[in-house]
Colleague: 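Before anything else, here's the structure in question.
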Amino acid sequence: CKRFHPTARQVVDEYKGKVAWVYRHFPLDQIHSKADKEAEATECANELGGNDGFWKYTDRLFEVTPSNNGLDPSELPKIAVQVGLNQSKFKTCLDSGKYKDHVEADYQSGIKAGVTGTPGNILLDTKTGKTKLVPGALPFEQFKTEIDTMLKES
């Protein structure tokens, strides 16, 4: 996910107005025990800073994490401050566990859609309703091919 995050950003930038990035959580907590709490942290960032807060927090989280369960959870509130969020309110939100069910619902939705690992990408043509599951951290060029094909077919 850390490796793919900049690629997804590149897709959105390249296809301005044609592609929207809708983020769903799919924490693999069986191998990354801290993933659930990190996902909840992004939702707290959304609560406190809106869509902008969510993306700033998520971007920064991927910048600073050593990945694969390597981030100390005590860093999560510090990241909130780094992106301009109130640390006390963020910590209260995160400690409450209020987004635990939301993160789990996203995970279950991914399972239903056929996602088996991360990143699990689902391309959706909003005109036709056609979807395509694109698993893995593919390079931009491969993603571009998939998107261009879908755009031509719609």
Colleague: Using atom types as modelled and distance alone, determine if a side-chain donor or acceptor of Y57 lies under 3.5 Å from a backbone N or O of E43.
Modeller: no

Colleague: Without swapping roles, check the side chain of N121 against the backbone of V134 for a donor-acceptor pair under 3.5 Å.
Modeller: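 Yes.
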
Colleague: Between CD of E153 and CG of D125, what distance do you get to the nearest 0.5 Å?
Modeller: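 If we round to the nearest 0.5 Å, E153:CD and D125:CG are 8.5 Å apart.
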
Colleague: Do E47 and F54 pass the side chain to side chain contact (heavy atoms under 4.5 Å, CB included) test, and can you show the C-alpha distance, the side-chain angles, and the key distance before you say yes or no?
Modeller: CA-CA 8 Å; E47 177 182 312; F54 174 88; over 6 Å; no

Colleague: Does T92 use its side chain to pair, donor to acceptor, with the backbone of S88 at less than 3.5 Å?
Modeller: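 Indeed, once roles are kept as given, a pair shorter than 3.5 Å links the two residues.
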
Colleague: Under the salt bridge (Lys or Arg N to Asp or Glu O under 4.0 Å) rule, what pairs show up with a residue in residues 18-37, not counting sequence neighbours?
Modeller: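 Non-adjacent pairs meeting salt bridge (Lys or Arg N to Asp or Glu O under 4.0 Å): K37-E40.
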
Colleague: Roughly how far, to the nearest 0.5 Å, is the CZ atom of F143 from the CD1 atom of I147?
Modeller: 6.0 Å

Colleague: Could you check whether any side-chain heavy atom of H5 comes within less than 4.5 Å of a side-chain heavy atom of T58, counting everything from C-beta outward?
Modeller: yes

Colleague: H102: which residues meet the ring pair (Phe, Tyr, Trp, His ring centres under 6.0 Å) condition with it, sequence neighbours left out?
Modeller: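 With neighbours one apart ignored, the set is empty.
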
Colleague: Please determine whether a side-chain nitrogen of the Lys or Arg among K56 and D52 lies less than 4.0 Å from a carboxylate oxygen of the Asp or Glu.
Modeller: yes

Colleague: Does the side chain of Q108 come under 3.5 Å of the side chain of E104 through a donor N or O and an acceptor N or O?
Modeller: yes

Colleague: Can a donor-acceptor pair be found, under 3.5 Å and without considering hydrogens, that links the side chain of S96 to the backbone of C93?
Modeller: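 Side chain of S96 to backbone of C93, a donor-acceptor pair under 3.5 Å: yes, one is there.
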
